[in-house]
Amino acid sequence: MTNERGISRRSVAAGLAAGLAMPFLRRPAFAQANDADVVVVGAGAAGLAAARTLREAGLSVIVIEARGRIGGRVFTDASLGPAFDAGAQFIHWSETNPWIGIARDLGLTLTDDGGWTGPPDSFVDGARLTPEERAQRGSGFSALSAYTRIKAGAPDISFADAVREAPTQVARAARNLTRFNLGEEPERCSLADWDSLWAGENMMVREGYGTLVARYGAGIPVSLDSPARVVRWAGERVEVETDKGTIRAGRAIVTVPLGVLAAEGVRFEPALPAATRDAIGGLTMGALTKIALAFEPEAVRGLNPGGYFDVWGEERSLSLEPAHKGQPGLVLGMLGGAYARALCEAGEREAVAHVLDRLVAMAGSDIRKGFVGGRLTPWWTDPFARGSYSLALPGRLATRDALREPIGERVYLAGEASAGGGAMTVGGALLDGQRAARAVAGLKRG
Ligand SMILES: Cc1cc2nc3c(=O)[nH]c(=O)nc-3n(C[C@H](O)[C@H](O)[C@H](O)COP(=O)(O)OP(=O)(O)OC[C@H]3O[C@@H](n4cnc5c(N)ncnc54)[C@H](O)[C@@H]3O)c2cc1C
């Protein structure tokens, strides 16, 4: 399937039938568009923003996207009926986040109502916490910041090291913080990375963050279902090899996720410079995962609107939000770290059945009768994501900046991983895509 610019097999067949075959027969599938000033690889927030900026600067651009849709890790999924954001949901640091203005311009509805009304029901190993245990858990969170405060001049350490001598409830709070906010276990999360993130209030788009990004990108010609296989960057022009042909351009902006770069989901010829490979190695991907459960609204009307938290075998933290975004039958589960990786690898059927079992254990078996279906969005095993978002390993924060170094003045990496204080976010991805495009537009045309 293609979107405006790409030429699909069907259009070639139609050309043959109309006697217009000759030009297509001698040329690759990107026949009329295989050459441009810039090729942008990936049509998530960074790639779409880069493409818009380049086009505004008067450059010709080809955008290729591996999936059959744009938006990347921002996707509003309505396949169960009620819609939920399977990837990004919150517009973080909303005071300065450019998506706020874009949402307003597009006439979408902004809200600061994050659901979760009232205190959640919290469980450990299926046993409801007593009021004393709840208070203890609260005190763990209150005390956590004293342990995770960065000490001037001290080397960066992981969250796990920061709470090594702390009381159990503080260590537990650290685990829940990193699993739910970073999608990762505290051993692999850097205090400096967390501390470097821009702070601010969260907002949401009622129609979905994925809807917002999709509408923002709607006017940009994108060749869908066109994964880049090889990027050759040593010659006069960059060549990007896809299953539909080879694109040649003066410059390439590559916005595939850090996880895809690390897994060599796109091959570079020659290999990326040692400094870039080192920068990629300084980052890792978390595995924040959402599992949505849909019910007949009546069956789950009695669920606690404050939600459910389950810490299970201490190894697993799961949150469940009933009536997500006010939608009566929808319960949205969220989890991260090793637990999320295991469920992504187990697949949708097993993951959904497991989360339904956990909810039944907390809320009672009556709800099972009203269960309609579930959806796992397995970012961790998704070949075009390879995780939820990037994390700097302890001591490796500087590698985010190193990723911004142009490669042979031909290839520019961009996306959330190189977005500085906007790392991990859709807002950061947009700003970093614009940054790379401006750098390219400031150069002579290739
Ligand atoms: C579960 C979850 C929750 C999140 N919550 C939030 C949140 O609340 N707020 C927030 O701001 N952020 C959140 N994020 C992070 C946010 O989604 C990302 O930081 C942001 O979307 C990254 O944008 P990007 O353009 O850098 O990358 P992507 O959106 O991943 O775009 C890269 C594009 O490249 C494509 N691609 C991959 N390989 C190839 C290839 N070989 N050839 C061509 N194209 C390719 C991909 O399909 C994708 O479309 C969340 C992420 C997840 C997974």
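All ligand and atom numbering here is 1-based and tracks the order in the structure. Being a predicted model, the structure only gives us computed values, none of them experimental.
- The closest approach between Gly71 and ligand 1 falls below 4.0 Å for a heavy atom of the residue.
- Within the 4.5 Å cutoff, side-chain heavy atoms of Ile367 are placed close to those of Val360.
- A donor and an acceptor atom, one from each side chain of Thr276 and Glu405, are nowhere located under 3.5 Å apart.
- Note on ligand 1: Ala414 sits outside its first shell, no heavy atom being nearer than 4.0 Å.
- With a heavy-atom cut-off of 4.0 Å, Tyr389 touches ligand 1 through its side chain alone.
- Residue contact annotation: Ala45 has a non-hydrogen atom under 4.0 Å from ligand 1.
- Side chain of Glu185 to backbone of Ala338: a donor-acceptor contact under 3.5 angstrom is found.
- Numbered from 1 in the order shown, with element, the atoms of ligand 1 that lie under 4.0 Å from a heavy atom of Thr425 read 10 (C), 11 (O), 12 (N), 19 (O).
- When Phe90, Trp380, Trp379 are checked for heavy-atom proximity to atom 53 (C) of ligand 1, Trp379 turns out nearest.
- Among Val213, Val63, Leu288, the residue whose heavy atom sits closest to atom 1 (C) of ligand 1 is Leu288.
- Remark: Thr96 pairs with Trp93 by the side chain to side chain contact (heavy atoms under 4.5 Å, CB included) rule, at least two apart or across chains.
- Of the candidates Arg67, Arg73, Lys290, it is Arg73 that places a heavy atom closest to atom 30 (O) of ligand 1.
- A 4.5 Å side-chain heavy-atom check between Leu288 and Leu182 finds every atom pair outside the cut-off.
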